[in-house]
Amino acid sequence: MSLVYLNGQWQRPEEAAVSVFDRGFLFADGIYEVVPFYQGYPLEFEAHFARLENSLQAINIPNPHTQTEWLSICQTLAEGIANANAIIYIQVTRGAEYPRQHLPSNSLTPTVMATASAWTPPETTAPPVRVELMDDIRWLRCDIKSISLLGNILLKQQAAQCGAFEPILQRAGRITEGASCNYFMVKNGVLFTPPKDNLILPGITRDWVLSLAHQCGIPVEEQAFSVDDLMQADECFLTSSTREVQPVGFIGETAIANAKLGPITEQLAQAFRMSRPQGPALA
Ligand code: PMP
């Protein structure tokens, strides 16, 4: 494991430690961000920075670093990993204070942490997986990349118990997202994905796939769709930074696209692999 960045210092993982009074530990009072690096180059760094900034703003924590500083931290971390294929994890919490109280003091210094882990970007399109339809039990600010992930974890556990790869979540009959991914479906040649609102995390991969779809001339609708629509879909796939484009073959017991890799899913998965970064992040 490479070094850990903690509050302006580089530390060995076994030495990096935060206070038991940190509000991240006590209340999950913080946010995070995940940036994929391909041989030293991040995908859509500016978009990750913008989402980090939005998450911080939403919970009233000042951003402790500029975009250039964050990039430099992330690059240093990625370089500590073989081939610099790395997943960078960033976490900012409101900081530590004693005694424990729900209402935070105004004067806290955020706790800033970043780590890297090794990762192998998919070389080919993964085979279709089965996902399980579940009620979205999470809060109503899913647009914030909060470290409070208990709802997501319970849903992941439940899906794993059913032998499913991921949950696919619905609220009042509308598909929202997964516990750690966004969803797309294809119907009659049109690509659908739920709109960016408070019910989903605005996935960077989601937006990247939408821009690839535009480039490929695939019509796109950022529009809510129902469970019934989904069950009639011609294709379905999920997206995330680590999975890129992951085909879905089954929703529960219902086969989608005869449980085979659909043509638009394959086209986008290939376009994704072709579009991976090969140069510096910022102009
Ligand atoms: N939704 C949720 C709930 C997530 O946790 C994630 C990321 N893990 C995503 C969507 C996908 O976001 P991204 O494409 O930026 O990885």
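For this chain, numbers begin at 1 and follow the sequence in order. For ligands, and for the atoms within them, numbers begin at 1 and follow the listed sequence.
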Test of proximity, Arg206 against ligand 1: N or O pairs below 3.5 Å: no

Ala179: numbered ligand 1 atoms lying under 4.0 Å from its heavy atoms: 3 (C), 5 (O)

Check ion pair Glu177-Arg171 (N to O, under 4.0 angstrom): no

Parallel, tilted or perpendicular: ring planes of Phe237 versus Phe184, cut at 30 and 60 degrees: parallel

Region of Cys142 engaging ligand 1 - heavy atom pairs below 4.0 Å: neither

Ser240 N/O to ligand 1 N/O under 3.5 Å: no

Atom 5 (O) of ligand 1: nearest protein contact (heavy atom, Å): Ser180 CA, 3.3 Å

Short N-O contact, Arg273 and Glu123, less than 4.0 angstrom: no

Lys196 and Glu222 ion-paired at < 4.0 Å: no

Close N or O approach (His48, ligand 1; < 3.5 Å): no

Gly203 neighbourhood, listing ligand 1 atoms whose heavy-atom distance to it stays under 4.0 Å: 12 (O), 13 (P), 14 (O), 15 (O)

Gly178-ligand 1 polar pair, N/O distance under 3.5 Å: no

Glu33/Arg51 ion pair, N-O < 4.0 Å: yes

Closest protein heavy atom (residue, atom, distance) for atom 14 (O) of ligand 1: Thr205 OG1, 2.5 Å

Close N or O approach (Thr239, ligand 1; < 3.5 Å): no

salt_bridge(Lys156, Glu166) N-O dist < 4.0 Å: yes

Contacts of Thr111 that satisfy side chain to side chain contact (heavy atoms under 4.5 Å, CB included) - sequence neighbours left out: Leu6, Asn7, Val18, Asp22, Thr93

